[in-house]
Student: 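Would you mind keeping the following structure in view while I ask a few things?
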Amino acid sequence: MRGRTLSAGVALAVFAGMTVTLAAQPVTASPTTATVARPIAAPAAALAAPDISVSNVQAHLTQFNAIASSNGGNRRAGSAGYTASLSYVKTRLQSAGYTVSEQYCSSCTYPSNNLIAEWPGGPADQVVMFGAHLDGVSAGPGINDNGTGSATLLENALVLATQNPTMTKRVRFAWWTDEEQGLNGSRFYVNSLSSTQRGYVKGYYNFDMVGSTNGGYFINRVSSTTAAPLKAYWDSLGLSPEENVEGQGRSDDYYFQQAGIPTSGYAAGASARKTSSQAAKWGGTANSAYDPCYHRACDTTANVSATVLNRAADGVAYALWQLAVSGGTPSCTGGQVVGNGGFESGGTPWTASSGVITNASGQPARTGSYKAWLSGNGSTSTESLYQSVTLPAGCASYTLSFWLHIDTAETTGSRVYDRLTVQVGSTTLATYSNLNAAAGYVQRTFSVAGFAGQTVTLRFTGTEDSSLQTSFVIDDVTLQAS
C-alpha cells in the first residue's frame with residue numbers, strides 16, 4: 001500500500017450457488033504477448049465457487065520471499081526482485097492458458113512493467129477486473145504488502161483455469177508496478193484505455209494487504225452495489241466488515257474510480273491501529289497496528305495471518321463466480337427454507353435431543369404451543385437441535401431469523417457458565433450465555449448469503465454446567481431467501 005492519501009467513491013451488481021454439508025462446534029463470543037490454447041469448456045453445471053487453498057497461496061508468498069532474498073532483499077518496482085516476481089507470475093499464468101501481456105510504464109518513477117492476464121471466455125465488452133500491486137518497498141521483501149494480494153489473485157486465476165467454467169463475463173487479472181511510488185502503474189494503465197475500453201470494464205476489484213497479522217476485515221466502498229459479493233461472503237462468516245477508511249485513495253482502485261469505473265476490494269489494514277471494538281469483534285490486539293511490519297524489513301512470510309489470508313482468498317473466488325461464471329446468478333426461487341420453524345408439527349424435519357421440542361408450561365412459546373427448549377436442567381448437559389436446509393442460488397437476500405428467550409438462575413453479572421451456540425455449517429454465527437438473560441423473546445437476525453446454493457446444517461447447541469439452570473428457548477425460526 002502506498003503511504004500517502006488521495007480520495008474515494010462508486011458502483012455494480014451480483015449473487016450465487018454451491019453444495020456442501022457442514023457441521024457444529026461451540027465457539028465463544030491475497031506489451032509482450034503470449035497465448036496458450038484454452039482447454040474445452042467444462043459443463044455449466046459446475047457452479048460452486050471453489051475453496052481456494054491457503055497453502056497454495058502461501059507457497060506463492062514463499063516464492064516471493066525467496067525472490068527478494070536473492071535480489072537485494074526487496075521487490076521494489078524496477079528492481080531485479082520485481083522483474084523476477086513478474087516472471088514467476090507470468091510463467092504460471094501462461095502455463096494455465098491465459099492470454100498474458102506486459103505493459104511498460106514509461107512514466108513510472110521506476111520504469112517497469114504491469115502484467116495483464118485475461119481468461120479467454122465471456123464477452124470482451126463485459127469485463128470484470130481483479131488487481132493487486134506486485135511491487136514492494138525497498139526496505140524489505142514486501143510479503144503482506146503486497147505479496148498477499150498478488151498471491152491471492154494468482155491462485156484464484158490458476159483455480160479458474162483448472163475449473164474452466166462457462167463464463168458470462170470476461171475476467172481480467174492485473175499485477176501493477178510502481179504502486180508504492182504513487183499508484184503509477186495502475187494510473188498508466190487506466191490512462192492508456194480509450195473511453196470505449198473503459199466502458200467495457202464493469203467493475204474493478206483491488207486487493208492490497210489481505211493477510212495482516214493483527215488484521216481487520218475492510219472493504220472498499222463497503223455499502224456499494226459493487227462490494228455486495230465481497231461483503232456477502234464475509235457476512236456469511238459473521239465478520240461484520242467495515243469501510244476501508246485507512247486505504248481510501250491509497251491503492252490502485254483510485255484511478256479506476258476517478259475514471260468512472262465501479263470499484264471495491266478487500267484489505268486487512270496497514271499502519272493504523274486496531275480499536276478496542278474491532279479487537280472485541282475480530283480478535284487481535286487493540287491499539288496496535290494492523291500490520292506491525294508495514295514497510296519494514298520484517299514484512300516476510302512470518303508477517304502473515306493464514307486465517308485472514310484464507311478468508312480473503314475464498315471471498316475473491318466467491319465474488320468471481322457470482323460476477324462472471326455461468327449459473328453464478330440463476331433466477332431466485334426464494335421463500336422459507338426452514339421446515340417446521342414454529343415446532344407445531346412435531347419433530348420433523350428437526351433432529352433434537354430428547355424433550356427439546358416441547359409444549360411444557362415451564363417456559364412459554366412465543367406463538368402457538370410448542371417451542372424448542374435447550375438446557376434449563378441445572379446440571380451438566382449438552383443438548384442440540386438441528387436440520388439440513390438448502391438455500392436456493394441466485395437470490396439477493398438470505399436472512400436467518402429466530403426468536404430467543406434466555407432465562408437463568410445464575411446470579412453472576414460477569415461470568416459465563418451456560419452457552420447456546422448458533423451455527424450454519426461449520427460457521428458459528430453467534431454464542432449466547434447466561435449473561436444475555438432477559439425478559440421475553442428477542443429476535444435475532446443474520447445474513448447467510450455466503451451459503452447461497454448450498455445444503456448446510458442449521459444447528460443450535462446448548463451447554464450447561466453442574467448447577468443453576470439457564471434456559472435457551474427458541475421459537476419461530478425462519479430462513480428467507482428473496
Side-chain angles (χ1 to χ4, degrees), residues 14 16-18 30 38-39 42 46-64 85-86 88-100 115-122 127-134 144 146-176 203-211 219-220 226-227 229-230 232-234 237 252-253 263-268 304 306 308-326 328 450:
V14 288
M18 309 178 22
S30 148
R38 182 189 180 202
L47 305 179
D51 176 58
I52 303 300
S53 165
V54 71
S55 296
N56 289 354
V57 180
Q58 289 172 312
H60 300 314
L61 296 179
T62 298
Q63 290 296 319
F64 290 146
S85 297
L86 186 146
Y88 171 75
V89 175
K90 181 180 179 180
T91 300
R92 298 297 304 272
L93 294 168
Q94 287 177 322
S95 298
Y98 278 84
T99 301
V100 184
L115 183 67
I116 311 297
E118 194 158 298
W119 185 242
V127 177
V128 182
M129 284 195 71
F130 296 81
H133 73 89
L134 184 58
N144 187 41
N146 184 37
T148 53
S150 295
T152 291
L153 294 193
L154 175 57
E155 188 59 25
N156 266 275
L158 297 177
V159 170
L160 176 64
T162 299
Q163 299 237 341
N164 190 24
T166 301
M167 308 300 293
T168 59
K169 287 187 173 63
R170 184 70 58 93
V171 174
R172 185 180 301 159
F173 294 94
W175 287 264
W176 308 117
Y204 172 77
Y205 291 83
N206 195 67
F207 303 92
D208 190 354
M209 302 181 65
V210 293
I219 298 178
N220 303 346
T226 316
L230 298 179
Y233 185 77
W234 276 359
L237 303 181
D252 293 298
D253 55 324
T263 62
S264 188
Y266 281 150
V304 174
V308 177
L309 182 65
N310 188 41
R311 289 166 171 173
D314 287 340
V316 172
Y318 179 81
L320 192 160
W321 248 248
Q322 292 204 20
L323 289 162
V325 172
S326 178

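Residue indices begin at 1 and follow the sequence shown.
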Student: Do Arg92 and Leu154 make a side-chain contact, defined as non-hydrogen atoms from C-beta onward lying under 4.5 Å apart?
Tutor: yes

Student: ring-ring contact (aromatic ring centres under 6.0 Å, His included) with Tyr266: which of Phe130, Tyr318, Tyr233, Trp234?
Tutor: Trp234

Student: Can you name the side-chain contact (heavy atoms from CB on, under 4.5 Å) partners of Ser53, sequence neighbours left out?
Tutor: Ser55, Asn56

Student: Could you tell me which non-hydrogen atom of Ala267 sits nearest to which non-hydrogen atom of Asp208, and how far apart they are?
Tutor: CB-O, 3.7 Å

Student: Does the side chain of Val57 reach to within under 4.5 Å of the side chain of Ile52, using non-hydrogen atoms?
Tutor: yes

Student: Check for a donor-acceptor pair, side chain of Asn146 on one end and backbone N or O of Met209 on the other, with a separation under 3.5 Å.
Tutor: yes

Student: Report yes if some heavy atom in the side chain of Val210 is under 4.5 Å from a heavy atom in the side chain of Arg311; otherwise report no.
Tutor: no

Student: Spell out, as yes or no, whether a donor-acceptor pair under 3.5 Å connects the side chain of Trp175 to the backbone of Ser150.
Tutor: yes

Student: Please tell me if the side chains of Arg170 and Val128 come closer than 4.5 Å, counting only heavy atoms from C-beta onward.
Tutor: no

Student: Are any side-chain N or O atoms of Ser85 and backbone N or O atoms of Leu134, one a donor and one an acceptor, separated by less than 3.5 Å?
Tutor: no

Student: Kindly compute the distance separating CD (Gln163) from CH2 (Trp321), expressed to the nearest 0.5 Å.
Tutor: 4.5 Å

Student: For Asp252, check side chain to side chain donor-acceptor pair (under 3.5 Å) against everything at least two apart and list the hits.
Tutor: Ser186

Student: Is any side-chain heavy atom of Leu61 less than 4.5 Å from a side-chain heavy atom of Asn144?
Tutor: no

Student: Is there a side-chain contact between Tyr205 and Val316 (heavy atoms, below 4.5 Å)?
Tutor: no

Student: Can you tell me if Asp253 uses its side chain to pair, donor with acceptor, with the backbone of Asn206 under 3.5 Å?
Tutor: no

Student: Do Gln58 and Val304 have side chains that get closer than 4.5 Å, going by heavy atoms?
Tutor: no

Student: Which is it for Phe173 and Leu320 under the side chain to side chain contact (heavy atoms under 4.5 Å, CB included) test, yes or no, and what are the steps along the way?
Tutor: CA-CA 11 Å; Phe173 294 94; Leu320 192 160; 3.7 Å; yes

Student: Check whether any side-chain heavy atom of Val325 sits under 4.5 Å from a side-chain heavy atom of Thr168, and report yes or no.
Tutor: no

